[in-house]
Amino acid sequence: MRYLITGGAGFIGSHLADRLLASSHDASVVLLDNLSTGSYANVEHLEGRASVRLLIGSVTDEALLEEAVREADAIFHLASAVGVKLVLDKPVQSIETIVKGTNAVLALARRYRRPVLIASTSEVYGKSKDLPFREDGDQVMGATDKQRWAYASAKALEEFLALAHFRESRLPVVIARLFNTVGPRQTGSYGMVLPNFCRQALTGQPITVYGDGKQRRCFCHVSDAVGALARLLAQPDARGQVVNVGADREISIGGLAERVKELTRSASAVQYIPYEQAYRDGFEDMERRVPCLEKAARLIGYAPRHSLDDCIRDTAAHQARLLGLTPPETRTEKPPMSAPSRKPPRGRRRK
Ligand code: UDP
């Protein structure tokens, strides 16, 4: 099988490439990436392999994309704007990358009849409180002046378009909604919480919890996520379906900060920062987000294997390597006197 992975030098794309190459001697991958949020370092270890080709360019470059799609047997479309910070900093580019990129990928997949997996996001559930989120549950979006919903709406439009292709032409397409994927190679540069917390803990900086820290998330190890993506694309019964991919054990962000501190044996203080300071105007946070995983279990026998501690340890070990530090799991020394955690701010809990 020859796979095209758009966003192949990104955090998830690079792990998916590793997984596909490990799954069969015959597998080869073309990684299409403009190295904007992805990085060469993520795929450097694959350099020189005959079964790997890195194409540096954008999914919106039609000629390049067409060449890549034509040569592929199947496509994973992961290229996207990612992270709250990027979406707030570059709103036009974020929307355009998502909508134009997915439009181009789907049109070419249709022309060449290639199976395609679209990586979507749990953001499309928006502020829904109908937990756990089931794939057929409602989207609850905020006002259009809150930039977060532009991202969620663009990703939802991507899903509509993919499903429309399925209905019109039976394009073999499956949509995976990813829930807070974490692990090695994830960068904190775009606002993601776990690599940020690990880096702060490892360097003795305050661990910055936004809001009151009571908001909850379910973190899924990237290794579990890419296993699910590979199996979803190979499963004919998943075609035309939207499927949640994540883990369903929750932790509060305040609790996550404490656990990161423990596992990295850090002396960092946990510092609560009001949303108004953490994000500029136009941001709204979600209180809880829990996937229903029944559909993934039914279609591909999916169940997450990695614990939250695995997620933290692996993310911290990667951050430690980047910082040139001893990986936390091998540290034996006691931390210096731990700084007290500051109390969450009183008053308004959420914007
Ligand atoms: N968050 C935080 N400190 C940080 C980065 C994020 O407290 O340094 C919070 C953020 O406000 C959110 C949660 O952690 O409530 C998860 O944030 P992330 O951007 O990783 O994912 P998402 O908001 O998409 O779930």
Side-chain angles (χ1 to χ4, degrees), residues 11-12 37 80-89 94 98 119-128 131 133 141-142 146-155 177-183 185-203 205-222 225 244-261 266 268-280 282-291 308 311-312 315-316 319 341-342 344-345 348-351:
F11 156 55
I12 301 177
T37 52
S80 179
V82 284
V84 169
K85 190 171 178 307
L86 183 73
V87 172
L88 293 178
D89 287 349
S94 299
I98 293 167
S120 185
T121 164
S122 56
E123 289 274 331
V124 300
Y125 292 104
K127 302 191 266 192
S128 170
L131 292 159
F133 293 154
M141 295 290 138
K146 302 271 190 294
Q147 197 53 38
R148 177 167 212 147
W149 309 123
Y151 175 66
S153 301
K155 294 299 283 186
R177 281 189 189 152
L178 294 161
F179 282 70
N180 291 85
T181 312
V182 293
R185 299 183 201 152
Q186 187 177 34
T187 162
S189 310
Y190 306 104
M192 276 78 165
V193 67
L194 189 55
N196 267 345
F197 280 7
C198 291
R199 180 170 276 257
Q200 289 165 336
L202 291 166
T203 53
Q205 303 297 310
I207 302 177
T208 53
V209 174
Y210 301 160
D212 62 9
K214 290 191 179 143
Q215 70 272 35
R216 298 167 81 81
R217 294 290 186 275
C218 301
F219 294 94
C220 176
H221 197 287
V222 65
N244 289 337
V245 171
D248 49 8
R249 43 151 205 248
E250 277 187 288
I251 184 160
S252 71
I253 298 301
L256 180 72
E258 295 297 343
R259 192 66 189 142
V260 167
K261 202 172 129 108
S266 170
S268 291
V270 176
Q271 186 181 1
Y272 287 83
I273 299 183
Y275 281 118
E276 293 80 354
Q277 271 175 41
Y279 300 106
R280 74 190 69 153
F283 181 77
E284 229 175 335
D285 203 8
M286 252 97 65
E287 198 137 353
R288 290 178 68 197
R289 195 145 73 182
V290 184
L308 177 68
C311 293
I312 297 174
T315 306
Q319 290 297 326
S341 296
R342 278 187 229 158
R348 192 146 60 130
R349 285 187 56 213
R350 189 149 282 110
K351 278 181 80 182

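Read the numbers this way: they start at 1 and go in the same order the structure lists the ligands and their atoms.
Across all non-hydrogen atoms, the minimal contact from Thr37 to Ser80 is OG1-O, 4.5 Å.
Between the side chain of Arg148 and the backbone N or O of Leu88 there is no donor-acceptor pair closer than 3.5 Å. A donor-acceptor pair is defined here as one N or O able to donate and one able to accept, closer than 3.5 Å; such a pair exists between the side chain of Gln215 and the backbone of Tyr210. A donor-acceptor pair under 3.5 Å links the side-chain atoms of Asn244 to the main chain of Phe133, judged by distance alone.
Side chain to side chain, Tyr279 and Gln147 fail the donor-acceptor criterion of an N or O pair below 3.5 Å. A donor-acceptor pair shorter than 3.5 Å cannot be found between the side chains of Thr315 and Gln186.
Under 4.0 Å from ligand 1, the heavy atoms of Tyr279 that appear belong solely to its side chain. Under 4.0 Å from ligand 1, the heavy atoms of Asn196 that appear belong solely to its side chain. The proximity of Val193 to ligand 1, defined as any non-hydrogen pair under 4.0 Å, involves the side chain as well as the backbone.
When the heavy atoms of Val87, Asn180, Val82 are ranked by distance to atom 21 (O) of ligand 1, first place goes to Asn180.
Any N or O atom pair closer than 3.5 Å counts here, and Gln215 shares at least one such pair with ligand 1. Checked against a 3.5 angstrom limit, the closest N/O atoms of Arg289 and ligand 1 fall inside it.
Counting heavy atoms from C-beta outward, Gln205 and Arg199 have side chains that stay 4.5 Å or more apart. Proximity of Glu250 to Arg216: side-chain heavy atoms (C-beta onward) are separated by under 4.5 Å at one or more points. The shortest side-chain heavy-atom distance between Pro291 and Cys218 falls under the 4.5 Å cut-off.
Close to ligand 1: Glu123, with a non-hydrogen atom less than 4.0 angstrom away. Under the 4.0 angstrom criterion for non-hydrogen atoms, Lys214 is not in contact with ligand 1. Residue Tyr190 places no heavy atom under 4.0 Å from ligand 1. Using a 4.0 Å heavy-atom cutoff, Met286 is absent from the residues neighbouring ligand 1.
Looking from atom 12 (C) of ligand 1 to the surrounding protein, the closest heavy atom is Asp285 OD2, 3.6 Å. Here the protein heavy atom with the shortest distance to atom 13 (C) of ligand 1 is Ile253 CD1, 3.7 Å. Nearest protein heavy-atom contact of atom 23 (O) of ligand 1 is Arg148 NH2, 2.9 Å. Protein heavy atom in closest approach to atom 7 (O) of ligand 1: Tyr210 N, 2.8 Å. For atom 19 (O) of ligand 1, the closest non-hydrogen atom on the protein side is Gly191 O, 3.5 Å.
A side chain to side chain contact (heavy atoms under 4.5 Å, CB included) with Cys311 holds for exactly one of Leu256, Val182, Asn180, Thr181; it is Val182. Considering Lys127, Lys146, Arg217 in turn, Arg217 is the only one that fulfils the salt bridge (Lys or Arg N to Asp or Glu O under 4.0 Å) rule with Asp285.
Taking every non-hydrogen atom of Thr208 and a distance limit under 4.0 Å, the qualifying atoms of ligand 1 come out as 2 (C), 3 (N), 4 (C), 7 (O), 8 (O). Set against the non-hydrogen atoms of Val209, the atoms of ligand 1 under 4.0 Å away are 7 (O).
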